[in-house]
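We count residues from 1, following the sequence as given.
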Amino acid sequence: MPFSTELTQKLGIQLPIVQGGMQHVGTADLASAVSNAGGLGLVTALNFRPPSKFRDEIRRCRSLTKRPFGINITMMPSIMPVDYDAYATIAIEEGVHIVETAGNTPEPVIGKLKKAGIVVIHKCTSLQHAEAAVELGADFITISGVESAAQVGESNLTNFILFSQARQRLSVPFIASGGFADGAALAAALVLGAAGIHMGTRFMTTAESPAHPNIKNTVVQAEATDTSLVLRRWRNTFRAYNNQVARRVLDIEESSETGNFEEVADLVMGRRGKEVFTSGDPERGIWTAGQVMGLIHDIPTCKELLSRMEQEAEVALQKTHLLQASPLLAHQLQSLSRGGATAASAKMAT
């Protein structure tokens, strides 16, 4: 069964599945594998510094796939200044057609990207930020609940609530993010009104991911409860694997009298997280992972994963169609509809 949503139509992809732009993991190798398997792969811009290295990675990705791929520009607080405009300029010069922005407002780069005719997807954790991004010109919104890895926002809202809010309030299509690992979840997201799904931790745990094999095995062996929410005190909350470094950060958050971020800065530095993925030591530094770890049980290729998800989604959607075709269900729906209309009439009459 071919999947046709606003996302597949606009981006020219086969399956409505987007790979997250992951720190240390979103390379040309992974992005091209996802795109070759029918989804949308993303090269993470800030993995490549200075920006000239990013240009080389875009070209490398294009040499590995003839299918659509995009880039991710995540704008977050940083000790060292980041020239986001330079990354956006390189993406335009290299003929990239799809850009995902994330983190803070996309305002610093979205005007330039839209002027160049680029499709912009903005990833955020609240409807307030989503609506602001739509006003700036975002074509799609990726909405992510507290289940997710990395930044989860400060509202603690789960995906069921956020997805329904997005369906009710957004004027552009939305992509569901957080907790996705199989085709049944893809089907559920489509039924809830999403144009597709966004996966990070699941793609990190694939054969083409550059993460160390021991980190992938750590994810496979982990439970959904093996994560922590850190940096809540500084309103920069993100979900991390619950190792000794994350627990140390939590201890400082709870016990610090000053609340100075410098007390945890060295523990959450990106350099330490990078060493996790290169050394294979899950305790070496802080690294992001979603609760979806509890649903990941193998390390397939991207092609195997997406093919499996496509089949699972088809089965799940066929079950939905069977429910809709059930005479008993149809009768119940008609009864509920009549009851709702009667109740609405009664309310209007009072």
Side-chain angles (χ1 to χ4, degrees), residues 11-15 17-76 78 80 82-103 109 112-113 116-121 123 142 150 198-213 215-216 270-271 273-280 287-288 299-307:
L11 305 188
I13 58 179
Q14 294 173 308
L15 296 171
I17 301 173
V18 179
Q19 167 232 318
M22 292 170 281
Q23 193 174 24
H24 315 308
V25 178
T27 64
D29 302 286
L30 179 58
S32 62
V34 173
S35 290
N36 285 333
L40 179 72
L42 296 177
V43 176
T44 304
L46 269 60
N47 283 339
F48 304 95
R49 303 187 191 189
S52 58
K53 293 185 178 180
F54 175 53
R55 186 187 300 275
D56 294 338
E57 194 70 3
I58 292 175
R59 293 178 178 179
R60 193 166 77 87
C61 191
R62 185 165 285 120
S63 73
L64 295 172
T65 182
K66 302 304 179 185
R67 295 185 175 179
F69 70 91
I71 63 117
N72 164 278
I73 303 176
T74 297
M75 292 166 282
M76 297 299 296
S78 175
M80 299 294 293
V82 178
D83 189 353
Y84 298 114
D85 185 75
Y87 286 102
T89 298
I90 288 172
I92 293 168
E93 291 174 349
E94 291 300 316
V96 172
H97 299 298
I98 305 162
V99 172
E100 177 191 69
T101 57
V109 298
K112 171 179 284 193
L113 296 174
I118 290 173
V119 175
V120 175
I121 303 168
K123 183 175 184 287
T142 297
H198 181 281
M199 300 195 303
T201 306
R202 175 66 274 196
F203 277 125
M204 182 180 78
T205 318
T206 57
E208 295 90 348
S209 163
H212 192 284
I215 300 304
K216 298 178 190 180
R271 172 182 55 81
K274 184 176 182 179
E275 290 173 357
V276 167
F277 293 107
T278 56
S279 71
W287 52 286
T288 62
I299 307 172
T301 66
C302 290
K303 183 177 181 179
E304 291 168 342
L305 174 63
L306 266 60
S307 176

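The line from NE2 of H198 to CG of L42 is 6.5 Å long, rounded to the nearest 0.5 Å. Interatomic distance, L305 CG to I299 CD1, rounded to the nearest 0.5 Å: 12.0 Å. With values rounded to the nearest 0.5 angstrom, I73 atom CD1 is found 8.0 Å from L46 atom CG. Rounding to the nearest 0.5 angstrom, the gap separating the CD1 atom in I98 from the CG atom in L11 is 4.5 Å.
T65 places no side-chain N or O within 3.5 Å of a backbone atom of R62 that could act as its donor or acceptor partner. No donor-acceptor pair closer than 3.5 Å links the side chain of S35 to the backbone N or O of S32. Within the 3.5 Å criterion, the main-chain N or O of L64 finds a donor-acceptor partner in the side chain of N36. Checked by atom type and distance alone, the side chain of T205 never pairs as donor or acceptor with a backbone atom of K216 at under 3.5 Å.
The side chain to side chain contact (heavy atoms under 4.5 Å, CB included) search around S307 returns Q311, not counting sequence neighbours. Taking T44 as the reference, N47, N72 meet the side chain to side chain contact (heavy atoms under 4.5 Å, CB included) condition, with sequence neighbours excluded. The side chain to side chain donor-acceptor pair (under 3.5 Å) test applied to T27 returns no partner, not counting sequence neighbours. With sequence neighbours left out, the side chain to side chain contact (heavy atoms under 4.5 Å, CB included) criterion links V25 to M22, L30, M204, S209, P210, F277. Not a single ring-ring contact (aromatic ring centres under 6.0 Å, His included) links F69 to another residue, sequence neighbours left out. Applying the side chain to side chain donor-acceptor pair (under 3.5 Å) criterion to Q19, with sequence neighbours excluded, gives no partner residue. E208 meets the salt bridge (Lys or Arg N to Asp or Glu O under 4.0 Å) test with no other residue; sequence neighbours excluded. Here E94 pairs with R55, R59 under the side chain to side chain donor-acceptor pair (under 3.5 Å) rule; sequence neighbours left out. With sequence neighbours left out, the side chain to side chain donor-acceptor pair (under 3.5 Å) criterion links K112 to D85, T89. Evaluation of the side chain to side chain contact (heavy atoms under 4.5 Å, CB included) rule for A207 yields T301 as partners, not counting sequence neighbours.
Heavy atoms only, all atoms of each residue included: V34 and C302 are closest at CG2-SG, 3.8 Å. Of all heavy-atom pairs between L306 and A37, the closest is CD2-O, 3.8 Å. Among all heavy-atom pairs drawn from G12 and P68, the shortest one is O-CG, 3.5 Å. When all heavy atoms are compared, the tightest approach of R49 to Y87 is CG-OH, 3.2 Å.
A heavy-atom distance below 4.5 Å is found between the side chains of I17 and M199. Side-chain atoms of T101 and M75, non-hydrogen and from C-beta on, do get closer than 4.5 Å to each other. A 4.5 Å side-chain heavy-atom check between F54 and I71 finds at least one atom pair inside the cut-off. Within the 4.5 Å cutoff, the side chain of D29 has heavy atoms near those of the R60 side chain.
Listed by first and then second residue, the salt bridge (Lys or Arg N to Asp or Glu O under 4.0 Å) pairs involving residues 33-44 amount to none (not counting sequence neighbours).
Summarising the local packing, NE2 of H97 is surrounded by 12 or fewer heavy atoms from other residues, nucleotides or ligands at distances under 6.0 Å.
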Original post:
Taking it one step at a time, do L113 and I92 satisfy side chain to side chain contact (heavy atoms under 4.5 Å, CB included)?
Top reply: CA-CA 7 Å; L113 296 174; I92 293 168; 4.2 Å; yes

